[in-house]
Amino acid sequence: MIRITLTDNSIKSFDKPIAVLEIAKDISPSLAKATLGAFVNGIEVDATFIINNDSNLKIITDKDNEGLEIIRHSTAHLLAQAVKELYPTAQVTIGPVISDGFYYDFSYERPFTPEDLILIERKMQQLVEQNLPIKRIEITRNKAIEYFASIGENYKVQIIQQIPEDQTISLYSQGNFTDLCRGPHVPSTGKLKAFKLTKVAGAYWRGDSNNEMLQRIYGTAWRNKDELQNYLSMLEEAEKRDHRKIGKQLSLFHLQEEAPGMVFWHPKGWVMWQIIEQYMRQEIEKDGYKEIRTPLVVDRSLWEKSGHWQNYSELMFTTHSEKREYAIKPMNCPCHILVFNQGLKSYRDLPLRLAEFGSCHRNEPSGGLHGIMRVRGFVQDDAHIFCTEEQMEEEAIKFIDLTYKIYKKFGFEDVILKLSTRPAKRVGEDHLWDLAEEALAKALKNKGLEYILQPGEGAFYGPKIEFTLKDCLGREWQCGTLQLDFNLPERLQAVYFDKDNSKKTPVMLHRAALGSFERFIGILIEHYEGKFPLWLAPVQLVILNISEKQIDYTKQFYENLKNNGFRCEIDLRNDKVGYKIREATLQKIPYLLIVGDKEVDTNTITVRKRDGSDLGQMSEMQLNDLLQAELNQ
RNA sequence: GCCGGAAUAGCUCAGCAGGUAGAGCAGCUGACUUGUAAUCAGAAGGUCGAGGGUUCGAUUCCUUUUUCCGGCACCA
């Protein structure tokens, strides 16, 4: 007798070993139909898995996240099967689930084209219609290697050779196609109803750029057609928020061939920049930072001392003059240490927080550039905190607080935190690493923040916390950073005198909240879809006359608003008001002020918001109050 | 940097089989004096990213190159 305990704690008994799917049938035919897999005693298995002993059972359907993952993983296999049928000489490699879908990497004699994608997708549909059963087989390593070697799947052979000896090797077969896989998978191809291949791209085998480049096909898969459609519509919507597109539409900035990866800021974009910079300046001053300014072009000897010349040279722009070689600074830290080193420093001077809106240039690989998010010339809201080992944690907490406050002001509540710890290649004593990693972890825990631990991902000179925001397409961009540095202060001989008059090397914290102005503004554009809050909007108000008769009144009103400190534009063009409203709305200006005879007679203006809502007529005073209230929120 | 794709008027885009280019919007000129997301008319605007080649002839085909786009790698 086998007793199966279900999730509601009810127990079903069977007199012989039984498959999950049979149990589901026993519960209800509709459940059986929806069954994609199961957890048996907490272990994820196929629907065809046969239970031999008393067990706990949780059936996975497409309602569960695991169910969706199974669908996506099985769709990746379906893709591989279709590719093998259409292009038998292609070799399969790996095909994992990713957010919203899956990909599969193939080795093939030529890249796949968008036309191939159409054919492959059609073939996938056919295989779905055939509703092929998907079967699991467990075999020995040697047999598996023998099998894949015999059909020329060399990558699979490599993969199996790296699976630990004690792990069972499982294969999944559907039709003529057999793939190495841990599973689980849907019981048959007919369960895959809503998928679409999205793009082809090159990708390195095992993610190493020294290896062969494979052909990667990306796809998305969902529970049903509606979900798929929603996802595709969401992508379309997201595209409209693209900062490159909006930046052009609102004339905030442009990029051009003559200066790849460097931004030409237009008047409106630069207004935003200045607003942000001034806000940041005000915030860091409150937090005890001292703002400084250091040179952009610095002699090679400094970069040799700092180690950048040896380790970072590919990324540095260099120049020379009168037999001397210079580098355009890729970062501000060495210069900040030079400022620290001026005059003697006492422990009483610490923590010393030196801040700079520092213009940096890095010769990033051409393929990595992306709009204003990843550029070669950028300005960091940079600062370096020189402190003692004991002060690290408190400074970390202070910075986390500051960063969250700033993000909140800009409307970001959703921040991904990552803590990266010591890599294999590193400098600094282990006890210092212990101390530093603990300081950062404690700071995060102290604030009650969730974070992703990235072991071994720290810089060679110290651990770090990264603050990551997402763009409209779900791509993650690191903005803020907090890095401890045990290396540079020592290399550049930064010292302070401690209580006992001994010379000590300070710990240095690199930190930036926005990261770079360029990236942060890019994210702001996408976050707000160009509809910036009043305090950030480059143009806050536009005042429109209806006909020539109101020109004088309109001009006067405009002057008054400007004198009151509002960023206001005036549109006196001889066009219909509907036309002017359309244009101002497309420019996403928060408030449109309309002046006709009615307003002139009553000494008012009519206020319309960019969302189309009509706030009616109001006096200049009323408008002022309304705007001030919004700015003070 | 690697794989693939793209580059045509200020902007968004046509131009699918080689015969030196089209539209809409914007801009300009004129008319209209307008009440909440596009008034009408007219003229004008491009060595089709750059270099080289094939051809009687290249925006179109080939090649080199630059930049951009999608991934990958990178992001001490």
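Residue numbering restarts at 1 for every chain, and letters A, B, ... go by the order of the sequence lines.
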Exercise for the section: Determine whether the aromatic ring centres of A/Phe112 and A/Tyr87 lie less than 6.0 Å apart. Expected result: yes
Practice task
May I have the distance from A/Lys598 (atom NZ) to B/U36 (atom P), rounded to whole angstrom?
Solution key: 9 Å
Completion exercise
As its Watson-Crick or G-U partner within any shown strand, both distances under 3.5 Å, B/A7 has B/U66
Exercise for the section: Report yes if at least one side-chain N or O of A/Tyr591 is closer than 4.0 Å to OP1 or OP2 of B/U36; otherwise report no. Expected result: no
Practice task
Answer with yes or no whether A/Arg374 presents, from its side chain, a donor or acceptor under 3.5 Å of a partner atom in the base of B/C74.
Solution key: yes
Practice task
Would you indicate what A/Gln587 reaches in the nucleic acid, counting non-hydrogen atoms under 4.0 angstrom: base, sugar-phosphate, or nothing?
Solution key: nothing
Exercise for the section: Kindly say whether, by distance alone, the side chain of A/Tyr204 makes a donor-acceptor pair under 3.5 Å with the base of B/G71? Expected result: no
Exercise for the section: Choose from B/C3, B/G35, B/A26 the nucleotide whose nearest atom is closest to any side-chain atom of A/Pro111. Expected result: B/C3
Practice task
Just call it for A/Asp575: base, sugar-phosphate, or nothing, with non-hydrogen atoms closer than 4.0 Å on any strand.
Solution key: base
Exercise for the section: For B/A38, take OP1 and OP2 only and decide whether either is under 4.0 Å from a side-chain N or O of A/Lys580. Expected result: no
Exercise for the section: Respond yes when some side-chain nitrogen or oxygen of A/His370 is under 4.0 Å from OP1 or OP2 of B/G70, and no when none is. Expected result: yes
Handout entry: Per A/Val577 side chain, nearest of listed nucleotides B/U39, B/U36, B/A73
Key = B/U36
Exercise for the section: Could you please name the option among B/G70, B/A37, B/C72 that lies closest to any side-chain atom of A/Arg582? Expected result: B/A37
Exercise for the section: Tell me what A/Phe460 touches on the nucleic acid: a base, only sugar-phosphate, or nothing, going by heavy atoms under 4.0 Å. Expected result: base
Practice task
Could you check whether A/Ser547 gets within reach of a base, just the sugar-phosphate, or nothing at all, counting any heavy atom under 4.0 Å?
Solution key: base
Exercise for the section: Could you check whether A/Gly612 gets within reach of a base, just the sugar-phosphate, or nothing at all, counting any heavy atom under 4.0 Å? Expected result: nothing
Handout entry: Side chain of A/Leu369 (C-beta onward), nearest among B/C68, B/U36, B/G49
Key = B/C68
Problem - Quiz item: A/Glu314 side-chain donor-acceptor pair to B/G1 base, under 3.5 Å - result: no
Practice task
Quickly work out the A/Ile372 CD1 to B/U67 P distance and round it to whole Å.
Solution key: 19 Å
Exercise for the section: Give A/Thr606 one of three labels, base, sugar-phosphate or nothing, depending on what nucleic acid heavy atoms sit under 4.0 Å from its own. Expected result: base
Fill in the blank from the handout: When rounded to whole Å, the CG to C1' distance for the pair A/Asp611 and B/A37 reads 13 Å
